[in-house]
Engineer: 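Here it is, the structure, as structure tokens.
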Amino acid sequence: MEYLYDQYQRKHDYLRLSITDRCNLRCVYCMPKGGMTFFPRDQVLSQDEIIQLVKNFVALGITKVRLTGGEPLVRRDVVEIVRRIHEIPEIEDISMTTNGLYLSRKAHELREAGLDRLNISLDTFKPEVYKQITRGGNIRQVQMGIAAAAKEGFKQIKLNVVLIKGQNDDEVLDFIRYTKDHNVNVRFIEFMPIGNSEEAWSSEFVSLANVFDQCKAAGIDYRPIRLPGNGPSDNYQVPGYQGSFGLIHPISGRFCENCNRLRITADGYIKACLYWNEEINVRETIGDFEKFRQVIQQALDNKPLNHEMALSDTDQIVHEAPTWRHMSQIGG
Ligand code: SAM
Ligand code: SF4
């Protein structure tokens, strides 16, 4: 079996595949205020292209696939995509990151088709704040989606919470208390300056050290735990609670050192690093495995050791320009 390594000997076995850039929300940290111009449909990978792409990656040692977007559940053939990826014997794990709005309708079919794990984005418990952060979303729909998913026996359900100063950073303890009776892993994520002006970002960024500060101030005891396959997050549990919480700190902490991720955008470009602009069109090579392999290795050879995100211009060892894409065009 072949494996994919970058020049820092990081083995890559995890593919994050954006299956659409479209979305039914417009979250403030992800999309610009004026909305997005979505790719024309023929610019987005077809179902057959996606499946062949995954098969090519499997021949290069990929065993885990995450479907993301935009919002993956707005794609009509999403269940079929999951089913066909599940049929590839070498794939050990299929997960999805979703805003959860359509989950109450789709959770059952997705689980049946072979989806193993779900990450559901929910940044607040307050309907008004949800509406504000998502620019119009109805929190009830996500709550119904989470409840539906909880009945389906997914191997793991995580809640993704991006902390934003002045909007939801007062809800950290509510999220941790939620894990008392809910078997979910709440993942606090640092707000990343992707597609946002540095200025807007820096005034809203909250370091995840804040989570520990709030726990300590409230006398909440928490212990480090290990969760299988948890990438860059550090995980903790309050003794006696069913669920757990994790911290993903791309800005203030460890994020890149064991990076095993490759990203494919909905329009068929490989991004070896979330932040940097370098990307190569793989769509053109899907039917030619040798060319495909070369393109993937080229992307890996140029993968930086660290994203160097949010360093000041003078400190930043300039690799090249940060990505032109908004997060919804990468997938997170
Ligand atoms: N639409 C799906 C969703 O919201 O879960 C999947 C795509 S979304 C781009 C994937 C993840 O990226 C979400 O959990 C979202 O909260 C996160 N995200 C988007 N923009 C971000 C930013 N600027 N900083 C940190 N996380 C971000
Ligand atoms: Fe859509 Fe997800 Fe981005 Fe929100 S975070 S706008 S739900 S892609």
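Order of listing sets the numbers, starting from 1, for every ligand and every atom in it.
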Engineer: Heavy-atom contacts with G70 under 4.0 Å: which atoms of ligand 2 show up? List them by number with element.
Structural biologist: 8 (S)

Engineer: For atom 3 (Fe) of ligand 2, what is the nearest protein heavy atom, given as residue, atom name and distance?
Structural biologist: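 Its nearest protein heavy-atom neighbour is C30 SG, 2.4 Å.
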
Engineer: Does E279 pair with R325 as a salt bridge, N-O distance under 4.0 Å?
Structural biologist: yes

Engineer: Under 4.0 Å from a heavy atom of F191: give me the atoms of ligand 1 that qualify, with their elements.
Structural biologist: 23 (N), 24 (N)

Engineer: I want to know whether F292 and F57 have ring centres closer than 6.0 Å.
Structural biologist: yes

Engineer: Say whether H326 and ligand 1 are in contact under the criterion: heavy-atom distance to a ligand atom below 4.0 Å.
Structural biologist: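 Flag not set, H326 not near ligand 1.
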
Engineer: Got an N, O or S from H326 under 2.8 Å of atom 3 (Fe) of ligand 2?
Structural biologist: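 No - counting backbone and side chain alike, H326 has no N, O or S atom under 2.8 Å.
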
Engineer: Is it the side chain (CB and beyond), the backbone, both or neither of T68 that lies under 4.0 Å from ligand 1, heavy atoms counted?
Structural biologist: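 Answer for T68: side chain.
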
Engineer: Is it the case that ligand 1 has an N or O less than 3.5 angstrom from some N or O of D123?
Structural biologist: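 Not met; the criterion fails.
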
Engineer: Quick check: F205 with F191 (ring centres under 6.0 Å apart)?
Structural biologist: no

Engineer: What I want to know is whether T98 and ligand 1 share at least one N or O pair that is separated by under 3.5 angstrom.
Structural biologist: yes

Engineer: Quick one: do Y178 and F125 satisfy ring-ring contact (aromatic ring centres under 6.0 Å, His included)? Show the steps, please.
Structural biologist: CA-CA 10 Å; Y178 181 82; F125 291 119; 5.3 Å; yes

Engineer: May I ask you to check whether P72 has an N/O atom sitting below 3.5 Å from an N/O atom of ligand 1?
Structural biologist: no

Engineer: Looking at side-chain heavy atoms only, is the closest gap between M192 and L274 below 4.5 Å?
Structural biologist: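 Sidechains of L274 and M192: in contact.
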
Engineer: Counting heavy atoms only, which of C30, S121, G331, C27 is nearest atom 14 (O) of ligand 1?
Structural biologist: S121

Engineer: Sort out for me which residue in I270, N56, I280, V295 forms a side chain to side chain contact (heavy atoms under 4.5 Å, CB included) with T285.
Structural biologist: V295

Engineer: Do R22 and M36 have side chains that approach each other closer than 4.5 Å (heavy atoms only, starting at C-beta)?
Structural biologist: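 No; the side chains remain at least 4.5 Å from each other.
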
Engineer: Which of the numbered atoms in ligand 1 are below 4.0 angstrom from a heavy atom of T97?
Structural biologist: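 What qualifies from ligand 1 is 2 (C), 5 (O), 6 (C), 10 (C).
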
Engineer: When you compare ligand 1 with M192, is there at least one nitrogen or oxygen pair between them that comes in under 3.5 angstrom?
Structural biologist: yes

Engineer: Just need the protein heavy atom nearest to atom 1 (Fe) of ligand 2, so name the residue and atom and give the distance.
Structural biologist: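 Result: C23 SG, 2.2 Å.
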
Engineer: Quick one: do D6 and D301 satisfy side chain to side chain contact (heavy atoms under 4.5 Å, CB included)? Show the steps, please.
Structural biologist: CA-CA 5 Å; D6 67 4; D301 289 346; over 6 Å; no

Engineer: Could you tell me whether N160 and ligand 1 have an N or O pair separated by under 3.5 Å?
Structural biologist: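 Between N160 and ligand 1 (N or O atoms, distance only) the closest approach is under 3.5 Å.
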
Engineer: Please list, in number order, the atoms of ligand 1 under 4.0 Å from a heavy atom of G70.
Structural biologist: 1 (N), 2 (C), 6 (C), 7 (C)

Engineer: Heavy-atom pairs closer than 4.0 Å: do any link ligand 2 to the side chain of C27, the backbone, both, or neither?
Structural biologist: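 It is both backbone and side chain that touch ligand 2.
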
Engineer: Check whether more than 12 heavy atoms from other residues, nucleotides or ligands sit under 6.0 Å from atom NZ of K165, and answer yes or no.
Structural biologist: yes

Engineer: Is D77 salt-bridged to R75, going by a charged N under 4.0 Å from an acidic O?
Structural biologist: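 So D77 pairs with R75 through a salt bridge.
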
